[in-house]
Amino acid sequence: MAGLLRSLQDSQLVARFQRRCGLFPALEEGSGENGADPAEGAAQAPGVGHLSAANGKRGGGPANGLLRSAAVPQAYVQKYIVKNYFYYYLFRFSAALGQEVFYITFLPFTHWNIDPYLSRRLIIIWVLVMYIGQVAKDILKWPRPSSPPVVKLEKRVIAEFGMPSTHAMAATAIAFTFLICTMDRYQYPFVLGLAVAVLFSTLVCLSRIYTGMHTVLDVLGGVLITGLLIVLTYPAWTLIDCLDSASPLFPVCVIVVPFFLCYNYPVSDYYSPTRADTTTIMAAGAGVTIGCWINHFFQLVSKPAESLPVIQNIPPLTTDMLVLGLTKFAVGIVLILLVRQLVQNLSLQVLYSWFKVVTRNKEARRRLEIEVPYKFVTYTSVGICATTFVPMLHRFLGLL
């Protein structure tokens, strides 16, 4: 068993998968130190063409904390060659399905256009899974695959640890929570829903190996942890539907507990974006929960039915329905972005003034006493806005 685990954690296994999918380091293909032929897909400057961040200094692996500092991704640009563009674009797109751009679009769209009952469950399970995954990374401190031999296509999260893969955890949680919550609520072929859930989570998991961000063991660990969490928490899922009818003290707990967990996040020897990302996720979940409570307490919207009859026929997607859905989404996103920018700027100004920090000091944003409060206030406001003020705006504009 120990030998199997070591083999699944081997960076060479990741490199072999990349080569099979047509992704090669430029130097492997006989290119000089100055880079490969631009026609082959290499580039000379960061952010142009096919570039990826490696581990900084060529001699060290990712286990070295100094090499994994926030400044490392700019220290060395690894050039690579793509020989199979189908896999390249497939897995790059799949990787985006596990990133913020997906959740900031899919979850609000589900809430505004499909089913608030469903989106609430998705968000609560997503927050739980992501918090456990992020904390596990900084407790276990397992390194990411080493480069070389692995080609790394992303640089933002290179300073994070590897085990477990939170992309794999989030994708598995979203896909199978969606399946479980809809199979008794809407009528559709279960096999089709299961196939979509498996395909979605598999593509995201394979993309983490293709991009060189995780070992096979990281990905499998993330999937197994998520499966265990779903099984353990499923009996309590019905409690999620009762949160909005809790006592008036409930919002206080929803704010205090997540903020305490974020402020006491495991300390790392160097800066990584895990604490900021975790605070963002926890705050968004808290904001959504408070927003649902506000809706119920002030009777702003009708409470989703706890048990609806199975919908025999899901309405066909018409042009009018599509236009209405996209309009509601566009209006909601614009309002969310405005609130996000306004609250972020205001909270940063207050914190900078309180701690006597020079304005626009980006390094100061990483300080615990500034990063956690401003992130938490900003994304709690975003969550409340998405669940309370956006539906009110939709009703005002006649979009409901």
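Contact of the V372 side chain with the R275 side chain is registered, since non-hydrogen atoms from C-beta on lie closer than 4.5 Å. Annotation: side chain of L23 is in contact with side chain of L153 (closest heavy-atom distance under 4.5 Å). Y103 has its side chain within reach of I174: a pair of non-hydrogen atoms, C-beta onward, lies under 4.5 Å apart. Side chains of V151 and T211 form no contact here, defined as non-hydrogen atoms less than 4.5 Å apart. Residues L229 and I132 form a side-chain contact, since some pair of their non-hydrogen atoms from C-beta on lies under 4.5 Å apart. Contact annotation: the side chain of L335 never approaches that of V331 to less than 4.5 Å [non-hydrogen atoms, C-beta and beyond]. Two residues are said to be in side-chain contact when any heavy atoms from C-beta on lie closer than 4.5 Å; V198 and F176 meet this criterion. When side chains are defined from C-beta on, L122 does not count as touching C181, because their heavy atoms never get closer than 4.5 Å.
Nearest heavy atom pair, residue V127 against residue G285, reads CG2-CA, 3.7 Å. Between S119 and T110, the shortest heavy-atom contact is CB-CG2, 4.0 Å. Listed here is the closest heavy atom pair of A136 and P164: CB-CD, 3.7 Å. The shortest heavy-atom contact between S381 and V343 is OG-CG1, 3.7 Å. The minimum heavy-atom distance linking A173 with I230 is given by the pair CA-CD1, 4.3 Å. Across M213 and R144, no two heavy atoms sit closer than the pair O-NH1, 2.6 Å.
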Intermediate values then yes/no, ring pair (Phe, Tyr, Trp, His ring centres under 6.0 Å), F200 and F102: CA-CA 12 Å; F200 178 87; F102 173 75; 5.6 Å; yes
Carefully, step by step, assess R16 and R19 under the rule side chain to side chain contact (heavy atoms under 4.5 Å, CB included). CA-CA 5 Å; R16 286 198 295 271; R19 308 301 180 265; 5.6 Å; no
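Scored by the side chain to side chain contact (heavy atoms under 4.5 Å, CB included) test, I336 finds W112, V382, C385, A386, V390 as partners (sequence neighbours excluded). For D277, the salt bridge (charged side-chain N to carboxylate O under 4.0 Å, His left out) partners at least two apart in sequence or on another chain are R156. In this structure Y210 satisfies the ring-ring contact (aromatic ring centres under 6.0 Å, His included) test together with F91, sequence neighbours excluded. Contacts of Q349 classified as side chain to side chain donor-acceptor pair (under 3.5 Å), with partners at least two apart in sequence or in another chain: none. By the side chain to side chain donor-acceptor pair (under 3.5 Å) test, H167 pairs with no residue at all, sequence neighbours left out. Residues that satisfy the salt bridge (charged side-chain N to carboxylate O under 4.0 Å, His left out) test with R20, not counting sequence neighbours, are absent from this structure. Under the ring-ring contact (aromatic ring centres under 6.0 Å, His included) criterion, F190 pairs with no residue at all, not counting sequence neighbours. Residues meeting the side chain to side chain donor-acceptor pair (under 3.5 Å) test with K375, sequence neighbours left out: none. Remark: F109 pairs with F329 by the ring-ring contact (aromatic ring centres under 6.0 Å, His included) rule, at least two apart or across chains. Scored by the side chain to side chain donor-acceptor pair (under 3.5 Å) test, T202 finds no partners at all (sequence neighbours excluded).
Remark: the T166 side chain and the K137 side chain contain an N/O donor-acceptor pair separated by less than 3.5 Å. A donor atom on one side chain and an acceptor atom on the other are found under 3.5 Å apart for T233 and W237. Residues Y80 and Y88 have side chains that bring a donor and an acceptor to within less than 3.5 angstrom of each other. For the residue pair S165 and D218, no side-chain donor N or O sits within less than 3.5 Å of a side-chain acceptor on the partner.
Put simply, OG1 on T289 and CD1 on I124 are 3.5 Å apart, with the number rounded to the nearest 0.5 Å. Note that the CD1 atom of I290 and the CZ atom of F250 stand 8.0 Å from one another [nearest 0.5 Å]. Here the CH2-OG1 distance, from W293 to T387, works out to 12.5 Å after rounding to the nearest 0.5 Å. For the atom pair OG1 (T105) and CG (L107), the distance works out to 8.0 Å, reported to the nearest 0.5 Å. Put simply, OG1 on T319 and CG on L324 are 12.5 Å apart, with the number rounded to the nearest 0.5 Å.
Under a 3.5 Å cut-off, the side chain of H394 and the backbone N or O of K328 do form a donor-acceptor pair. Here the side chain of S11 pairs a donor or acceptor atom with the backbone of S146 at under 3.5 angstrom. Side chain of K141 to backbone of D138: a donor-acceptor contact under 3.5 angstrom is found.
Within the 6.0 Å centre-distance limit, the rings of F259 and Y263 are counted as a close aromatic pair.
More than 12 heavy atoms of other shown residues, nucleotides or ligands fall within 6.0 angstrom of atom CZ in F355. For OH of Y87, the number of neighbouring non-hydrogen atoms (other residues, nucleotides, ligands) closer than 6.0 Å is 12 at most. In the displayed structure, F389 atom CZ is contacted under 6.0 Å by at most 12 heavy atoms of other residues, nucleotides or ligands.
Contacts classified as salt bridge (charged side-chain N to carboxylate O under 4.0 Å, His left out) and involving residues 198-214 (residues at least two apart or in different chains) are given here: E154-R208. Applying the side-chain hydrogen bond (donor to acceptor under 3.5 Å, both in side chains) rule to pairs touching residues 337-348 yields R340-Y379, Q341-N345, sequence neighbours excluded.
If you run side chain to side chain donor-acceptor pair (under 3.5 Å) between D115 and each of R121, R185, R120, only R185 comes through.
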